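As the structure is a computational prediction, the values presented were derived from the model and not from experiment.
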Amino acid sequence: MDIDLPNSTTEVAQTVTIKDDDLFKAAENGDVSYFQSLSQPQLLHSLTLRNEDGRSLLHVAVSSARTEVVKILSGFDQSVSGINSADEEGWAPLHSAASSGNVEIVKVLLDRGADVNLKNNGGRTALHYAASKGWVKLAEILLSNGAKVNSKDKVGSTPLHRAASTGNSELCELLIEEGADIDAVDRAGQTPIMAAVICYNNDVALLLIRHGADVDVEDKEGYTVLGRASDEFRPILIDAAKAMLEG
C-alpha cells in the first residue's frame, strides 16, 4: 500500500506517493527527516507495515542501529508502535537490539514499554542473547529492568548456560550475583558447568566450582562434569572440587 504525503514545498495542493519499499529503506538508512516529514496518520499507518519476513519498520531500524528513527517509531503507545510485535521467527525489536549489544537502543525500547521477558520462537529472551554475546553492561540493564535470570529457552538453557558456554567469567559472575541457579539443568541434563567444560572454558568451570557447582550430577548420557572434562583439565577440576569441600 502506498502513502500520500503532502508536499509542503508548494502552495498548490499536491501529493507525492511514498512506497512501502521507500519507508523500509528510510528505516534501514536512518533517514530521520523522511519520517519527520510524515503526518501523524501517515506515521501511524507506516507502523502497520510488515516486510516478507514479518518485520516492521521498527525491527529494521533497530537491526540497522538507527537510534533516532527508533525513537520516532517507538514514540507512540506500545499498542500502536508494535514495540513487542514479533517477526516470523518470534523476534521482537528488543531481541535484535540485545543480540547486537546496542545499549542505547535497548534503553529506548525498555523506556517505551518493551517486554524484557518476551520469548521468541526458540524460547529465548533478550537476556539469553546478551549472555550468548557476552554483553555485560547490557545484561546489567536488562536485569535492572526485571529480566528473569533463570528463564529457560526451548532446549532448557538459562542465560547462565549461555554465558558459561561462551566463556565470559564476568558475565557468569553477574548472573550468579543476580540469583542464577548454578545447577540449572537443560533438556540434555546438563548444567552450566558442563556447558563450560564441553566448550573448554576452564576459567568459567573453576569459577562455577568456587560458587558451589555440583560436579557429580549426571547428564542424560550418563556423564558427570569430570566425565565431560578433557584428560588435561580433569585433575585441575578434581583439585578445585576437593578444595571447596575442605573449604
Side-chain angles (χ1 to χ4, degrees), residues 1-8 15-135 137-139 141-142 145 147 151 153-154 162:
M1 184 180 295
D2 297 337
I3 299 175
D4 289 333
L5 175 66
N7 184 354
S8 60
T15 60
V16 293
T17 300
I18 295 182
K19 298 183 181 298
D20 293 354
D21 285 348
D22 293 335
L23 285 162
F24 279 100
K25 287 178 182 177
E28 183 177 1
N29 294 331
D31 191 343
V32 176
S33 61
Y34 192 96
F35 288 99
Q36 289 175 334
S37 69
L38 298 177
S39 67
Q40 183 159 311
Q42 291 163 343
L43 185 56
L44 287 171
H45 172 74
S46 74
L47 294 173
T48 68
L49 299 176
R50 299 293 183 272
N51 65 13
E52 64 275 9
D53 297 317
R55 291 164 63 79
S56 66
L57 294 175
L58 183 57
H59 279 98
V60 172
V62 168
S63 297
S64 302
R66 305 302 185 182
T67 306
E68 295 307 312
V69 174
V70 169
K71 290 178 180 178
I72 293 173
L73 296 176
S74 63
F76 292 89
D77 180 89
Q78 58 184 277
S79 63
V80 176
S81 69
I83 199 164
N84 291 314
S85 65
D87 65 14
E88 288 186 347
E89 296 182 349
W91 281 58
L94 184 62
H95 292 122
S96 296
S99 182
S100 63
N102 196 312
V103 170
E104 185 176 7
I105 288 181
V106 164
K107 286 181 177 179
V108 171
L109 295 175
L110 291 172
D111 286 344
R112 300 287 171 81
D115 183 351
V116 72
N117 289 307
L118 192 66
K119 293 186 174 185
N120 62 14
N121 293 356
R124 297 181 182 90
T125 65
L127 186 58
H128 278 96
Y129 289 105
S132 294
K133 298 296 183 67
W135 306 125
K137 177 62 177 177
L138 198 150
I141 293 169
L142 294 171
N145 279 272
S151 179
D153 63 17
K154 284 194 172 181
R162 302 307 309 146

| request: Kindly determine whether E104 and K71 satisfy side chain to side chain contact (heavy atoms under 4.5 Å, CB included), including the steps that lead there. | output: CA-CA 11 Å; E104 185 176 7; K71 290 178 180 178; 4.2 Å; yes
Q: Check step by step if side chain to side chain contact (heavy atoms under 4.5 Å, CB included) holds for L49 and F24.
A: CA-CA 9 Å; L49 299 176; F24 279 100; 4.1 Å; yes
Q.
Using the rule given for side chain to side chain contact (heavy atoms under 4.5 Å, CB included), can you reason through L47 versus L58, listing the C-alpha separation, both sets of side-chain angles and the distance that settles it, and then say yes or no?
A. CA-CA 8 Å; L47 294 173; L58 183 57; 5.7 Å; no
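Here H45 contributes atom NE2 and S39 contributes atom OG; the two are 11.0 Å apart, rounded to the nearest 0.5 Å. Distance check: L142 CG to K137 NZ gives 11.0 Å after rounding to the nearest 0.5 Å. Separation of atoms CG (N84) and CD (Q78) is listed at 6.0 Å; rounding is to 0.5 Å. The distance from the CG atom of N145 to the NZ atom of K107 is 10.0 Å, given to the nearest 0.5 Å. One finds the CD atom of Q42 at 12.0 Å from the CZ atom of F35 (value rounded to the nearest 0.5 Å). If you take CZ on R124 and CG on D153, they are separated by 4.5 Å, rounding to the nearest 0.5 Å.
In this structure, A147 and L127 approach most closely via the heavy-atom pair CB-CD2, 4.1 Å. Looking at every heavy atom in both residues, S132 comes nearest to R162 through OG-NE, 3.1 Å. Between R50 and S85, the shortest heavy-atom contact is NH2-OG, 3.5 Å. Taking each heavy atom of L73 and A61 in turn, the nearest pair found is CD1-CB, 4.3 Å. Minimum interatomic distance between S74 and V70 (heavy atoms only, all atoms of both residues): OG-O, 2.6 Å. For I83 against R112, the heavy-atom pair with the smallest separation is CD1-CB, 3.5 Å.
Residues Y34 and D22 form a side-chain contact, since some pair of their non-hydrogen atoms from C-beta on lies under 4.5 Å apart. No side-chain heavy atom of L94 sits under 4.5 Å from any side-chain heavy atom of D115. Residues L109 and V62 are in side-chain contact: their nearest non-hydrogen atoms beyond the backbone lie under 4.5 Å apart. You'll find the side chain of Y129 stays beyond 4.5 Å of the side chain of L138, heavy atoms only.
With hydrogens and angles disregarded, a donor-acceptor distance shorter than 3.5 Å links the side chain of H95 to the backbone of L118. Put simply, the side chain of K133 gets close to the backbone of S99: a donor and an acceptor are under 3.5 Å apart.
Residues N102 and S100 have side chains that never bring a donor and an acceptor to within less than 3.5 angstrom of each other.
The only option from L57, L43, D31 that meets the side chain to side chain contact (heavy atoms under 4.5 Å, CB included) definition with L23 turns out to be L57.
Using a 4.0 Å cut-off between charged side-chain N and carboxylate O, K25 and E28 make no salt bridge.
For S151, the side-chain contact (heavy atoms from CB on, under 4.5 Å) partners are K119, T125, H128, K148, not counting sequence neighbours. The side chain to side chain donor-acceptor pair (under 3.5 Å) check on S63 picks up R55, with sequence neighbours excluded.
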